[in-house]
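Worksheet for the structure shown next.
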Amino acid sequence: MSKYDVKQEVTDKYSLRGRVFHKLREDILNGKYKEHEELREVAIGEELGVSRTPVREAFRQLELEGLIQIVPNKGAYVTGITAKDVKDIYMIRSSLEGMCARLATEHITPEQLDEMEENVYLASFHASKGHMEQMADLDNRFHQILYEACDSKMLENLLQDFHHYVIRIRKKTLSTRERGIASNEEHRKIMEAVKAGKADEAGQLATLHMVNAYDNMVKNGLYDIFKTEDGSLELKNHKNDLK
């Protein structure tokens with residue numbers, strides 16, 4: 001199997017260390033590396049075509065983000081994200097997505113608004129046909145349009161990171177057709193508020209959308225994914241925390 005050569009990613013805006021970090025983070029979040037699995041500097045360096053130094057630096061950043069734990073004289077081990085992390089991410093996203101929608105109302109371009117409207121229209125079509133995979137792709141793109149339209153690189157990058165953190169969990173808690181339709185209706189209301197220049201309303205709707213998205217994850221198996229060893233559930237009273 002051919003190696004993934006990080007050095008050849010000429011369009012990547014990050015440093016070598018940054019590219020290694022983003023590749024490893026993506027691999028952890030998409031499940032390539034399992035919880036408690038050891039990450040070996042030499043093996044990863046060979047796979048990515050880099051020396052041990054950028055791998056070691058990436059490990060430090062991954063530890064700061066809580067995705068791995070470095071045990072002195074032993075090695076680096078994957079911790080991934082916990083149920084509480086998912087809960088915290090959605091609590092934070094509920095606020096930041098509201099801020100993003102308010103800013104997007106002020107800065108969205110005609111082209112972005114056209115794409116947002118087309119996105120909602122296409123999602124409605126696929127919802128009627130029960131095309132869940134296409135709906136998931138359109139859902140991801142709707143949020144990306146919103147992030148791009150806020151005209152804040154800092155906020156856009158932050159929200160993109162949070163979005164990546166929960167992609168794997170979202171796949172495990174697949175939405176029902178009914179939720180897909182409801183989610184797209186929420187997108188439509190956000191889009192209409194943005195189009196009408198109603199920043200506060202757009203922000204409130206975007207915040208509520210995140211609350212509903214988290215609630216749907218809980219209903220569709222989030223608790224089952226994250227059970228403690230004694231079988232008890234880690235998350236409680238999520239609605240009160242998120243609202």
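Predicted model only: the values in this text are computed from it and were never measured. Because only heavy atoms are used, hydrogens play no part in the values below, and waters and symmetry mates are left out as well, while side chains stay in.
Taken to the nearest 0.5 Å, the CG atom of Leu138 stands 8.5 Å off from the CE atom of Met135. The line from CG of Leu205 to NZ of Lys189 is 7.5 Å long, rounded to the nearest 0.5 Å. A distance of 9.5 Å separates CG of Leu158 from OH of Tyr147, quoted to the nearest 0.5 Å.
In this structure, the side chains of His143 and His209 come closer than 4.5 Å at one or more pairs of heavy atoms. At least one side-chain heavy atom of Met116 sits less than 4.5 Å from a side-chain heavy atom of Leu146. When side chains are defined from C-beta on, Arg25 counts as touching Asp161, because their heavy atoms get closer than 4.5 Å. Between Asn212 and Ser183, the closest side-chain pair of non-hydrogen atoms is not below 4.5 Å. Residues Thr105 and Lys198 fail the side-chain proximity criterion, which asks for heavy atoms closer than 4.5 Å. Contact annotation: the side chain of Thr109 approaches that of Glu111 to within less than 4.5 Å [non-hydrogen atoms, C-beta and beyond]. Using a 4.5 Å heavy-atom cutoff, the side chains of Met191 and Glu186 are not in contact. Using a 4.5 Å cut-off on side-chain heavy atoms (C-beta onward), Phe162 and Asn157 make no contact.
Using a cutoff of 4.0 Å between basic side-chain nitrogens and carboxylate oxygens, Glu47 and Lys32 are scored as salt-bridged. In summary, Arg141 and Glu115 engage in a salt bridge, as defined by a charged side-chain N under 4.0 Å from a carboxylate O.
Put simply, the side chain of Asp151 never gets that close to the backbone of His107: no donor and acceptor are under 3.5 Å apart. Listed for the Thr79 side chain is a donor-acceptor partner under 3.5 Å among the backbone atoms of Gly66. A donor-acceptor contact shorter than 3.5 Å is absent between the side chain of Asp215 and the backbone of Val211. The closest donor-acceptor contact from the side chain of Ser124 to the backbone of Val120 lies at 3.5 Å or more, if one exists at all. When atom types are taken as modelled, the side chain of Glu156 and the backbone of Lys153 share no donor-acceptor pair closer than 3.5 angstrom. At distances below 3.5 Å, at least one donor-acceptor pair connects side-chain atoms of Asn220 with backbone N or O atoms of Asn216.
Listed here is the closest heavy atom pair of Val20 and Pro54: CG1-O, 4.1 Å. Residue Leu62 comes nearest to Phe21 through the heavy atom pair CD2-CE1, 3.5 Å, listed as atom of the first residue, atom of the second, then distance. In terms of heavy atoms, Ala206 sits closest to Ile190 at CA-CD1, 3.7 Å. Between Asn140 and His163 the shortest heavy-atom distance is OD1-NE2, 3.0 Å. Closest non-hydrogen pair, Ala202 versus Val194, comes out as CB-CG2, 3.9 Å. When all heavy atoms of Cys100 and Leu155 are compared, the pair lying nearest together is CA-CD2, 3.8 Å.
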Run the numbers on Glu192 and Arg188 for salt bridge (charged side-chain N to carboxylate O under 4.0 Å, His left out), then give the verdict. CA-CA 6 Å; Glu192 289 181 346; Arg188 183 186 64 79; 2.6 Å; yes
Chi angles and distances behind the salt bridge (charged side-chain N to carboxylate O under 4.0 Å, His left out) call for Lys84, Asp88: CA-CA 6 Å; Lys84 183 180 183 302; Asp88 290 346; 2.8 Å; yes
Test log, rule side chain to side chain donor-acceptor pair (under 3.5 Å), inputs His187 and Asn119: CA-CA 9 Å; His187 285 177; Asn119 178 283; 4.7 Å; no
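In the hydrophobic clustering of ILVMFWY residues, with side-chain heavy atoms under 4.5 Å counting as a link, Met217 and Ile92 come out together. Cluster annotation: Ile181 and Phe142 are assigned to distinct hydrophobic clusters (Ile/Leu/Val/Met/Phe/Trp/Tyr, side-chain heavy-atom contacts under 4.5 Å, transitive).
The environment of Glu185 atom CD is dense: over 12 non-hydrogen atoms of other residues, nucleotides or ligands sit within 6.0 angstrom.
Between His36 and Tyr77, the ring centre distance reaches or exceeds 6.0 Å.
The cationic atom of Arg93 (NZ for Lys, CZ for Arg) lies less than 6.0 Å from the six-membered ring centre of Tyr90 and within 45° of the ring axis.
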